[in-house]
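The block underneath contains the structure these notes are about, expressed in structure tokens.
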Number of protein chains: 2
Amino acid sequence: MPARKASVSAKDVAARAGVSRAAVSRTFTPGASVSEETRSKVIAAAEALGYQVNHLARGLISQKTGIVAVVGADLATPYRSELLRAVTERLQAVGRVAILINTDRSDRSVDMALQQAIRYRAEAAIVLSGMPDKSISDLCHRNGLRLVLINRDDAHSRSIQIRLNDADAARLALTSFLRAGCRTLALATSNAGTPSLVAREEGFFAEAHRRGLSVTCERFGPTGYESGLALGERLLVLPERPDAIFCTTDLIACGVMDAARHRFSLKIPDDLSVIGFDDIPQASWDSYQLTTFRQPIEEIASSAVDWLAEEDGDGEARVIHLTAPMSWRKSVRGSNGK
Amino acid sequence: MPARKASVSAKDVAARAGVSRAAVSRTFTPGASVSEETRSKVIAAAEALGYQVNHLARGLISQKTGIVAVVGADLATPYRSELLRAVTERLQAVGRVAILINTDRSDRSVDMALQQAIRYRAEAAIVLSGMPDKSISDLCHRNGLRLVLINRDDAHSRSIQIRLNDADAARLALTSFLRAGCRTLALATSNAGTPSLVAREEGFFAEAHRRGLSVTCERFGPTGYESGLALGERLLVLPERPDAIFCTTDLIACGVMDAARHRFSLKIPDDLSVIGFDDIPQASWDSYQLTTFRQPIEEIASSAVDWLAEEDGDGEARVIHLTAPMSWRKSVRGSNGK
DNA sequence: ATTTATTTTGCACACGTGTGCAATGTTCTT
DNA sequence: AAGAACATTGCACACGTGTGCAAAATAAAT
């Protein structure tokens, strides 16, 4: 028994169709020269045999693998999973395929992920979280792997970054609180130290400082609902109980709201105003109706994918700025859905 | 200028280390015979050049690509995204890499996804939703692509399926309602017609029929929170208002609960008991405290990945049954967290 | 009916890797 | 010290594909 072949190749199709293997290759290569007759013979044979072009071999020879790596942590989180969906959908739309690499929060694991991307000769890597080390960034450059950094600090060569106006949004959050008549401001965030979280935090503080206001700030745990609960319990027990809390993330905001309602019997927005960030699906649920800033998910995805689809090589470092518009709901006093 | 090479190859490393290319290959192939001396020379050269083994070429020659395709729709949904995370994490742990293929709900798009998986010579495809056509299933078989079907109807050759005891769980939901003293039972589901949803529905009806009880059933829209809202509004307006609603999904349950509370001013569980399915993160949030059935996500993932990692070829059709244990919280009358 | 222009086709090479085979170098046994 | 057992190394082939090049076939022009 002649060692069952794993899959059917162009040679098999060529043999069955009675043509050369090159003819098969040309049939499946857009823009190649094949007569209508042989093409149909080839297609018939391919159909009968169940032939599918081997993209690995194709990528090997043409240097275009069609593979794009998507790298990130906490991919099961509402915002992240939406972003992941948007990115992969768009990648598929331009004929690419996404390989998904989970990381934990450490930068080291991002480095490992990028090395994996290089091994599969990905054309680009879209980094959703974590910051690759400079040496790894160079490694990517040397191996022709282009980088798309979303909400990261600073970029290196042959990569773009996509940034949000986090600080501006935070400023707007503060002024919205003031306009609603809030007096005792607080800020709740995780201690993940992500660039976007830090930017929001700093923006809020900067605006407060500019107006000579003080803000009590509480930091706790990872970025998630449970941390929000804990943050709420810490903030709402203070002698000067805040009447406005800016949460750097919607998940945290949901936790804070639940703590306020179910553990302090406070009414939102009457007793407490809350503003979040991301506009995750839960923010619009009846139980929350959270005023927040909408992540421009589709714009982020299309910016990333368009760049790596069009720019065919000599793309120099670039920064794309996007804005997160405010989404008014009912968690801020006075403004009933604006 | 000599057409800048895209990436560094084993030949480059060999030249720099002063050894043959085969030595380089052996250095990076576990279990191959290389002297400690040449190994260190090779590693040094590889380090200096930033060499990474080309897994595409390796896969081409060894027929082991290390690629596994994950195929599914609604991947941004809480349950699905958790499952996706668990699966990809485990795949990485056994040295595989996941390519992610988004589909819409149509079976046709699943077929397209599987063809894509074949083109990249994936070793296996894990199908989270949708049912591949028989002809495509054969195509996969012929091309050596093994199939893992999660919560699907029936399997073909060289594939396993992973199933849940959906019907049993639904039965248990009904008896739990009765034990809590509920009298007017209802069922809320989407009209997606997914096998798991149908199984839960049928299980609930079967048990009701066995006991001579009647159940009012409402079906609406896609599987999601908004549908839950609509379903709640339809059910709670009935002359014989239900005092117990089994929702085939937690997202639907959240919608139903919000409709009950905010649009009918009902108290849960005093006026209405609710049971869901999936145990998504939101189910344990303070605002919901939803009694539900926990998807054995880690078990599903490990079953799938272990199978395709160990079984090295002649795996015959197999079915794995897993159970979704009940997770008692506070959305059912009487049983305060059990 | 030639000549010329154009399209189609097959051959052969290249991509980057793993590995059998034979040759060479090294260690062990008696 | 000599032979045997063994580890190491390089050569060369294979994997499945795209494509330049020249030959062949076809169409167009005169």
Side-chain angles (χ1 to χ4, degrees), chain A residues 2-42 45-46 49-67 118-123 143-144, chain B residues 2-42 45-46 49-67 118-123 143-144:
Chain A
R4 183 96 180 79
K5 288 190 50 171
S7 63
V8 28
S9 76
K11 185 158 46 169
D12 305 331
V13 177
R16 170 150 184 154
V19 298
S20 77
R21 191 193 55 76
V24 178
S25 177
R26 283 192 246 265
T27 301
F28 291 100
T29 306
S33 166
V34 216
S35 73
E36 205 47 55
E37 187 190 350
T38 56
R39 149 167 271 126
S40 61
K41 277 197 294 187
V42 167
L49 263 46
Y51 170 71
Q52 298 284 129
V53 178
N54 187 332
H55 271 47
L56 304 186
R58 171 181 281 183
L60 192 57
I61 188 72
S62 69
Q63 310 281 25
K64 298 271 172 194
T65 60
I67 296 178
I118 293 175
R119 289 190 213 106
Y120 280 93
R121 294 303 186 265
E123 299 175 3
N143 283 284
Chain B
R4 183 96 180 78
K5 287 190 52 169
S7 62
V8 29
S9 75
K11 187 157 48 167
D12 305 332
V13 177
R16 170 148 185 157
V19 297
S20 76
R21 192 193 54 75
V24 178
S25 177
R26 284 191 246 263
T27 300
F28 291 101
T29 305
S33 167
V34 215
S35 75
E36 205 47 55
E37 187 190 349
T38 56
R39 150 167 271 127
S40 61
K41 278 197 293 187
V42 167
L49 263 47
Y51 170 70
Q52 298 286 129
V53 178
N54 186 333
H55 272 46
L56 303 187
R58 170 181 282 183
L60 192 57
I61 188 72
S62 68
Q63 310 281 25
K64 298 269 173 196
T65 60
I67 297 178
I118 293 176
R119 288 190 216 108
Y120 280 93
R121 295 303 185 262
E123 299 175 4
N143 283 283

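Heavy-atom basis, side chains included; hydrogens, waters and symmetry copies ignored. Letters go in sequence order (proteins before strands), and every chain restarts at 1.
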Point to revise | Residue-phosphate contact under 4.0 Å: B:Ser33 side-chain N/O, D:dA7 OP1/OP2 | key: no
Review point. Of the candidate nucleotides D:dT9, D:dT17, C:dT17, which contains the atom at the shortest distance from the side chain of A:Arg58?
Key: D:dT17
**Study point:** Nearest to side-chain heavy atoms of A:Ser25, which nucleotide of C:dT19, D:dG18, C:dG10
**Key:** D:dG18
Study note, to complete from the structure: A:Leu56 atom CG is separated from C:dA14 atom P, nearest whole Å, by 22 Å
Exercise for review: Could you say whether B:Gly18 or B:Ala57 is positioned toward the 5' end of DNA chain D, judged by the nucleotide with the nearest heavy atom to each?
Suggested key: B:Gly18
Check your understanding: Whole Å only: how far is the CZ atom of B:Arg121 from the C1' atom of C:dG16?
Key -> 18 Å
Point to revise | A:Asn143 CG - C:dC15 P separation (whole Å) | key: 16 Å
Practice item. Return the value, rounded to whole Å, for the distance between atom CD of B:Gln52 and atom C1' of C:dG16. Key: 14 Å
Check your understanding: If you take all heavy atoms of A:Val13 and A:Val8, which pair is closest and at what distance?
Key -> CG2-CG2, 4.4 Å
Review point. Under the 3.5 angstrom rule, does the side chain of A:Arg119 hit a backbone N or O of B:Val53 as a donor-acceptor pair?
Key: no
Check your understanding: Between A:Tyr51 and D:dT17, is there a side-chain N or O to OP1/OP2 distance below 4.0 Å?
Key -> yes
Exercise for review: Using a 4.0 Å heavy-atom cut-off across all strands, classify B:Val34 as base, sugar-phosphate, or nothing.
Suggested key: sugar-phosphate
**Study point:** Between C:dA12 (C1') and A:Ile61 (CD1): distance, integer Å
**Key:** 12 Å
Check your understanding: Is the side chain of B:Thr27 donor-acceptor paired with the backbone N or O of B:Val42 at a distance under 3.5 Å, no angle test?
Key -> no
Check your understanding: Taking NE2 from B:His55 and C1' from C:dG18, how many angstroms apart are they, rounded to a whole number?
Key -> 13 Å
Exercise for review: Starting from C1' on C:dC15, measure out to CG on A:Leu60 and report it in whole angstrom.
Suggested key: 4 Å
Practice item. Give one of base, sugar-phosphate or nothing for A:Ala10, where a contact means two heavy atoms less than 4.0 Å apart. Key: sugar-phosphate
Practice item. Please tell me which of the listed nucleotides, D:dT8, C:dT17, C:dC15, lies nearest to the side chain of B:Ser9? Key: C:dT17
Point to revise | Closest heavy-atom pair and its distance - A:Phe28, A:Arg58 | key: O-NH2, 3.0 Å
Check your understanding: Of the nucleotides C:dT17, C:dT9, D:dG16, which has the atom closest to the A:Arg26 side chain?
Key -> C:dT9
Review point. Could you state the CG-P distance from B:Asn54 to C:dG18, rounded to the nearest angstrom?
Key: 9 Å
Exercise for review: Taking only the side-chain nitrogens and oxygens of A:Ser35, find out if one of them lies under 4.0 Å from OP1 or OP2 of C:dT7.
Suggested key: no
Review point. Under 4.0 angstrom, heavy atoms only, what part of the nucleic acid is B:Thr29 near: base, sugar-phosphate, or nothing?
Key: sugar-phosphate
Study note, to complete from the structure: Closest of D:dC13, D:dG18, D:dG16 to the B:Arg21 side chain is D:dC13
Check your understanding: Does the B:Asn143 side chain pair with the main chain of A:Gly50, one donor and one acceptor, at a distance under 3.5 Å?
Key -> yes
